[in-house]
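Quick notes on the structure that follows.
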Amino acid sequence: QITERFESIFRSVRGLGKITDKNINDTAREIRRALLDADVNFSVAKSFVKTVQEKAQGTKVLKSIKPGQQFVKIVQDEMVALLGEKVEDLELTSKPSIILLAGLQGAGKTTSAGKLANRLKKSGKSVLMVAADVYRPAAVQQLIMVGKQAEVPVYEEGTGDPLAICKRGIEKARSLKNDVVILDTAGRLHLDGEMMTEIQSISDAVNPDEILFVADGMTGQDAVKSAQAFHEALPLTGVILTKMDGDARGGAAVSIREVTGKPIKFIGTSEKLDGLDVFDPKRIADRILG
Amino acid sequence: KLAGKRVTPESLETLEEQLLSADLGYITVESILDVVERHSKSDFIQKVNEHLVNLLPGKFNPTPFENPTILLVVGVNGTGKTTTAAKLAHLYKKMGQTVTLIAADTYRAAAVDQLKIWGNRVGCNLVCNEKTAEPTSVLFDGLESARANKSDVVIVDTAGRLHTYSNLMAELAKMYRVVENRFPEFTLRSLIVMDASLGQNSIIQAKEFGKHVKLDGAILTKLDGTARGGIVFPLFQELGIPVEFIGIGEDLYDLEHFDPNAYVDGLLG
Ligand SMILES: Nc1nc2c(ncn2[C@@H]2O[C@H](COP(=O)(O)OP(=O)(O)OP(=O)(O)O)[C@@H](O)[C@H]2O)c(=O)[nH]1
Ligand SMILES: Nc1nc2c(ncn2[C@@H]2O[C@H](COP(=O)(O)OP(=O)(O)OP(=O)(O)O)[C@@H](O)[C@H]2O)c(=O)[nH]1
Ligand SMILES: [Mg+2]
Ligand SMILES: [Mg+2]
């Protein structure tokens, strides 16, 4: 159980009278194991541990009265720094502002579209959602129902060309004088060339204000691969990490942040419309570190 | 890049990274490295391959069910349960069996619509009730209907649920009990659907779900992506749950039997 692991690592480090190279190395191995167990990507974990070791071997720690305490602080601070220290909200400057959601199958895009719409509506913005997933059975119907719950209109054409649907949806938003348009797209594999081309063409054509990579908070080592691929294909502006109401440690947060350099803007905290929290790096750091 | 190498610290490190990045988890990886380090002198990769295959369940070979069987499809949100339920219905229908699909996800938006579309594509019976929020009642009606039309296979699609919600786990346990108590003539099998791209939490999912329903097997989905689903190892070694099928796409026929040799080849490939 990772919580106990970090607890015991920190307990044993705090108990150390002085910090030596040997016990920094032993602790480093334990920290690496704990990070892997938390689903932090193995090469991200490796470099994290290396950075922490270097900082711990610095004179500040060795001269400190409570070296163990200092060491723990180094680990915590380094994790928060990795996750992105400041909280970044949505940047919606055009009228209508366009938010494009992209990600792997089942990550939580359609549900997150509703949550974003709900949040924006509650802050006084008028929102239109566009059903651009023409592939998944009843995907359009799902967004229509989510729209009813959020009391936000949904533009849909049933089937058709997702690019054309997005363009017409945006035109509709313009005529209705909506503040924000949210484009819900089909889940896709980064290995699927055709589907990646499709989402690129949507992005190129409509030039979104926000392109959010929606990722499952329970994702393992693959987070680096998929995030990297979406980052290379699209000018991402942020990430939504979903299903964080489970007990997954959420190491994917570090991996995704490291490989894209983009801020995690929101985390999903339930299946409900209000289950969207603003990302708090300190809370997620504590969660990953147990 | 490991092929033909002898055991060297570099080849061990490459193997370690390859296995870790496949989500085997550090405990499983460390024990594999331990064995490899102690035993392999030459023909390194062949020895690793054999060792990995031995840690996995045998090749799964689905055959028509001789006794009417219920397949309860469970798992956390978004793993591919509904799509997999449809693929299973298609598989058993192709074998000549009478199949009934039960749309027991009475919670999520358009969940029943989604399974209805699949049911039409498969061409099998489908039981649903869009007026109830009670999955147990749909399950009950579905099983009565399956009994009446002498279905060989009944596939029950359930709502995605995180194991951290005790009320949702209790709901699942209740569904399981209803089948055991009211429909004992059916063979009841629960299959947990796991997304290959998820990490170590999958083991916790299987442990927790397993406390509420007896898990007979797992189905690993989205293996057509880059994720390798190394969770199959601890699932079998630690929890005794064999992966029976793998999902390799979004269509009805994108379901394959689990084959440990093909799987390990893909892992070391
Ligand atoms: N518990 C929990 N469930 C969530 C969260 N976000 C989404 N879900 C659930 O995850 C499942 C998948 O969500 P969808 O919104 O359909 O995912 P998607 O990315 O649109 O899926 P595709 O369109 O098929 O790629 C559903 O059961 C949602 O209710 C979350 O933050 N917490
Ligand atoms: N690439 C790929 N996609 C898959 C596979 N299995 C399912 N999917 C996709 O994953 C997404 C989620 O599938 P669902 O069947 O709705 O998942 P679910 O577990 O029923 O979701 P909830 O009921 O919301 O918990 C859909 O977009 C599916 O098409 C697979 O093997 N490969
Ligand atoms: Mg969707
Ligand atoms: Mg479903």
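Numbered from 1 within each chain, the chains take letters A, B, ... in sequence-line order.
At distances below 3.5 Å, at least one donor-acceptor pair connects side-chain atoms of A:Asp39 with backbone N or O atoms of B:Gln200.
Taken to the nearest 0.5 Å, the CG atom of A:Leu104 stands 7.5 Å off from the OG1 atom of B:Thr226. With values rounded to the nearest 0.5 angstrom, A:Thr219 atom OG1 is found 7.5 Å from B:Asp195 atom CG. Annotation: the span from A:Arg33 atom CZ to B:Glu30 atom CD amounts to 4.0 Å, rounded to 0.5 Å. Interatomic distance, CD1 of B:Ile204 versus CZ of A:Arg249, reported as 8.0 Å (0.5 Å rounding). Expressed to the nearest 0.5 Å, how far NZ of A:Lys225 lies from CZ of B:Arg228 amounts to 7.5 Å. Once rounded to the nearest 0.5 Å, the distance linking CG of A:Asp222 with NZ of B:Lys222 reads 11.5 Å.
Only the side chain of B:Arg121 comes within less than 4.5 Å of a heavy atom in chain A; its backbone stays farther off. Proximity to chain A (any heavy atom under 4.5 Å) is shown, for B:Glu208, by neither the backbone nor the side chain. Both the backbone and the side chain of A:Asp245 come within less than 4.5 Å of a heavy atom of chain B. Residue contact with chain B, scored on non-hydrogen atoms closer than 4.5 Å, is absent for A:Lys148. A:Ser270 touches chain B through backbone and side chain together, each having a heavy atom under 4.5 Å away. If you measure heavy-atom distances from B:Val76 to chain A, the contacts under 4.5 Å come from the side chain alone. The parts of A:Leu36 that come within reach of chain B are both its backbone and its side chain, each placing non-hydrogen atoms under 4.5 angstrom from that chain. With a threshold of 4.5 angstrom between heavy atoms, A:Lys243 approaches chain B through its backbone and through its side chain. Heavy atoms closer than 4.5 Å to chain B are found in both the backbone and the side chain of A:Asp247.
Of all the listed residues (B:Thr164, B:Thr82, B:Leu198), the one sharing the greatest number of non-hydrogen pairs under 4.5 Å with chain A is B:Leu198.
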Evaluate the side-chain contact (heavy atoms from CB on, under 4.5 Å) criterion for residues B:Asp224 and A:Leu191: first the C-alpha distance (whole Å), next the side-chain angles of each, then the deciding distance (0.1 Å), finally the verdict. CA-CA 8 Å; B:Asp224 45 323; A:Leu191 288 185; over 6 Å; no
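The side-chain heavy atoms of A:Glu271 and B:Tyr107, taken from C-beta on, include a pair separated by under 4.5 Å. In this structure, the side chains of B:Gln114 and A:Arg136 come closer than 4.5 Å at one or more pairs of heavy atoms.
Taking every heavy atom of both residues into account, B:Ala109 and A:Val146 meet most closely at CB-CG2, 4.4 Å. Here the closest heavy-atom approach between residue A:Pro137 and residue B:Ile117 is recorded as CB-CG2, 3.8 Å. Shown here for B:Ala110 and A:Ala138, the closest heavy-atom pair between the two residues is CB-O, 3.8 Å.
A salt bridge links B:Glu13 with A:Lys46: the distance from a Lys NZ or Arg NE/NH1/NH2 to an Asp or Glu carboxylate oxygen falls below 4.0 Å.
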